[in-house]
Amino acid sequence: DAGVSFNFYMVHGGTNFGFTSGANYGNETDIQPDLTSYDYDAPISEAGWATDKYKAIREVMQKSVKYAIPAIPERIPVIALPKISLTKTYDLFTMIKDDKFVESDTLLSFEDLNQGSGYVLYRRHFNQPIEGKMLVKGIADYALVYVNGEKVGELNRVFDKDSLEINIPFNSTLDILVENMGRINYGARITQNRKGILGSITIDGNDITGDWKMYKIPFDNVPNLASKKEGYGKGLPVVYSGQFNVDKVGDTFLDMREWGKGIVFVNGINLGRYWKVGPQHTLYLPGCFLKKGNNDIVIFEQQNDSRKTELQGITEPILRELRK
């Protein structure tokens, strides 16, 4: 009815494991990706902890009843993981070099490629040199750009960056690795929600068409590294792997403050997305995902500005630290 409004409040925080995080939108930007954590400063935290807010609400409600209310349950046990050594690295471009690709004169979206989430690599070889401003209309949502295996910049729908200056020499390869950062899941724009490169690419005003190769990289499962050749390239997207030992399982958090952008798998489970801009800098790792004894970890790091050798665990989440 007219004049009636509803307010909804989050009681229990949670986690968008894998690629389940959606996105909002607003007047200032086309997309506002949700965090992996949707703790939302809720009375019950992401890990199921009773917060000060919960206790305050409980005290108010207790005044309205005449019976004794149950005690607050004890926290689920929390453990501090030892430093995790990352012993192997795999260059993503080398990993996919023998994979099938889709070839087209025009750029295809994730939907055209029948892919729902993850990443797509757009690749094109140039027989003639070209330089100038590269404009990528309809970038959705985040991309890293490489020329001959060297990172030259990024594109970012969140911050309305869809162009950069580029120099492609004779007989060179352009790579654009595009990430789907979550689909708008409510409101008028729910149907305006395709991913990938949705428009044209121009360089110095010239349309770049013909001979595009598109590699599907859904990461819907942890990558099988057994048959992959180890390698590393500075600035190139890299997959790290390692093992760690747990004497006693319990909830914990992975500290991603020193990392760039990517996703983490533990024992084959995708814990979700991290990004150095914050405000979230930890990934929640429930104890039920761990095993007593050896555990496997795989990290896909997109930005790879510096080589990593280890990852630290932490016992408290970091959810409110924005960085530029």
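Throughout, numbering of the chain's residues begins at 1 and tracks the sequence. As the structure is a computational prediction, the values presented were derived from the model and not from experiment.
The heavy-atom pair separating Ile184 from Asp30 by the smallest distance is CD1-O, 3.8 Å. In plain terms, the two heavy atoms of Gly199 and Leu107 that are nearest each other are O-CD1, 3.5 Å. Across all their heavy atoms, Leu283 and Gly272 have their closest contact at CD1-O, 4.0 Å.
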Assess whether side chain to side chain contact (heavy atoms under 4.5 Å, CB included) is satisfied between Val120 and Gln115, documenting all intermediate values.
CA-CA 9 Å; Val120 169; Gln115 180 174 323; 3.9 Å; yes

Decide ring pair (Phe, Tyr, Trp, His ring centres under 6.0 Å) for Phe300 and Tyr119; before the verdict, give the C-alpha distance in whole Å, the side-chain angles of both, and the deciding distance to 0.1 Å.
CA-CA 11 Å; Phe300 173 49; Tyr119 311 81; 5.0 Å; yes

Under the criterion ring pair (Phe, Tyr, Trp, His ring centres under 6.0 Å), I'd like the reasoning laid out for Trp275 against Tyr142: C-alpha separation, chi angles, the key distance, then a yes or no.
CA-CA 12 Å; Trp275 193 7; Tyr142 176 90; 5.8 Å; yes

Would Tyr284 and Asp251 count as a side-chain hydrogen bond (donor to acceptor under 3.5 Å, both in side chains) if you check the C-alpha gap in whole Å, the side-chain angles of each, and the deciding distance to 0.1 Å?
CA-CA 8 Å; Tyr284 175 46; Asp251 286 3; 2.8 Å; yes

Show the numbers, then the answer: is there a side-chain hydrogen bond (donor to acceptor under 3.5 Å, both in side chains) between Ser45 and Asp39?
CA-CA 6 Å; Ser45 77; Asp39 189 89; 4.6 Å; no

Assess the residue pair Phe219 and Ile263 against the criterion (side chain to side chain contact (heavy atoms under 4.5 Å, CB included)); give the C-alpha distance rounded to whole Å, side-chain angles, the decisive distance to 0.1 Å, and a yes or no.
CA-CA 9 Å; Phe219 274 129; Ile263 53 176; 4.0 Å; yes

I would like to know whether Asp296 and Asn267 meet side-chain hydrogen bond (donor to acceptor under 3.5 Å, both in side chains); could you show each step before the answer?
CA-CA 5 Å; Asp296 297 315; Asn267 294 329; over 6 Å; no

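Legend: residues meeting salt bridge (Lys or Arg N to Asp or Glu O under 4.0 Å) with Asp141, ordered by chain and number and at least two apart, are Arg157, Lys195. Every salt bridge (Lys or Arg N to Asp or Glu O under 4.0 Å) that Glu310 has, sequence neighbours left out, goes to Lys83.
When the shell of 6.0 Å around CD of Glu150 is examined, it contains 12 or fewer heavy atoms from other residues, nucleotides or ligands. Other residues, nucleotides and ligands place more than 12 heavy atoms under 6.0 Å from the CD atom of Glu321. Heavy atoms of other residues, nucleotides or ligands lying less than 6.0 angstrom from NZ of Lys53 number more than 12. Counted within 6.0 Å of CG on Asn114, heavy atoms from surrounding residues, nucleotides or ligands total 12 or fewer; the atom is thus considered open. In the displayed structure, Arg58 atom CZ is contacted under 6.0 Å by more than 12 heavy atoms of other residues, nucleotides or ligands.
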For a quick test of your reading: what N or O donor-acceptor pairs under 3.5 Å do the side chains of residues 65-79 make, sequence neighbours left out?
none

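No donor-acceptor distance shorter than 3.5 angstrom exists from the side chain of Arg124 to the backbone of Leu174, with no hydrogens or angles considered. With Thr89 contributing its side chain and Tyr240 its backbone, the two residues share no donor-acceptor pair below 3.5 Å.
With a 4.5 Å cut-off on side-chain heavy atoms, Phe244 and Ile297 count as touching. Taking the side chain as every heavy atom from C-beta outward, Asp162 and Asp160 never approach each other to under 4.5 Å. Here the side chains of Lys88 and Gln243 are not in contact, with every heavy-atom distance at 4.5 Å or above. Leu285 places a side-chain heavy atom less than 4.5 Å from the side chain of Leu290. Asn16 has its side chain out of reach of Arg273: every pair of non-hydrogen atoms, C-beta onward, lies at least 4.5 Å apart. Residues Tyr146 and Thr173 have side chains not in contact (no heavy-atom distance under 4.5 Å, counting atoms from C-beta outward). Looking at heavy atoms from C-beta onward, Leu86 lies out of side-chain contact with Ser241 at the 4.5 angstrom threshold. With a 4.5 Å cut-off on side-chain heavy atoms, Trp49 and Pro317 count as touching.
Between Glu154 atom CD and Ile139 atom CD1 the span is 11.0 Å, to the nearest 0.5 Å. Here the CG atom belonging to Leu236 is positioned 5.0 Å from the CG atom belonging to Asp91, to the nearest 0.5 angstrom. Distance check, rounded to the nearest 0.5 Å: CD of Gln192 to CZ of Arg183 gives 13.5 Å. One finds the CE atom of Met134 at 4.0 Å from the CD1 atom of Ile166 (value rounded to the nearest 0.5 Å). Going from atom CD1 of Ile314 over to atom NE2 of His281 covers 11.0 Å, rounded to the nearest 0.5 Å. For the atom pair CG (Leu198) and CG (Asp112), the distance works out to 9.0 Å, reported to the nearest 0.5 Å.
Side-chain contact check for Lys161 and Ser163: no donor-acceptor pair (N or O, by modelled atom type) lies under 3.5 Å. In summary, the side chains of Glu46 and Thr15 do present a donor paired with an acceptor at a separation below 3.5 Å, with no hydrogens or angles considered. Using modelled atom types and a 3.5 Å distance limit, the side chains of Glu301 and Tyr274 yield a donor-acceptor pair.
Aromatic ring orientation, Tyr186 versus Tyr25: parallel (interplanar angle below 30°, classes split at 30° and 60°). Taking the six-membered ring where the residue is Trp, Phe101 and Tyr215 present tilted rings, their angle falling between 30° and 60°.
In this structure, Arg123 forms a cation-pi arrangement with Phe93, its terminal cationic atom sitting closer than 6.0 Å to the ring centre and no more than 45° off the ring axis. Stacking of Arg307 on the aromatic ring of Tyr232 is recorded, both the 6.0 Å distance cut-off and the 45° axial limit being met.
A salt bridge links Asp305 and Lys151; the closest N-O separation between the charged side-chain nitrogens and carboxylate oxygens is under 4.0 Å.
Linking Ile, Leu, Val, Met, Phe, Trp and Tyr residues whenever their side-chain heavy atoms come within less than 4.5 Å leaves Val158 and Val136 in two separate clusters.
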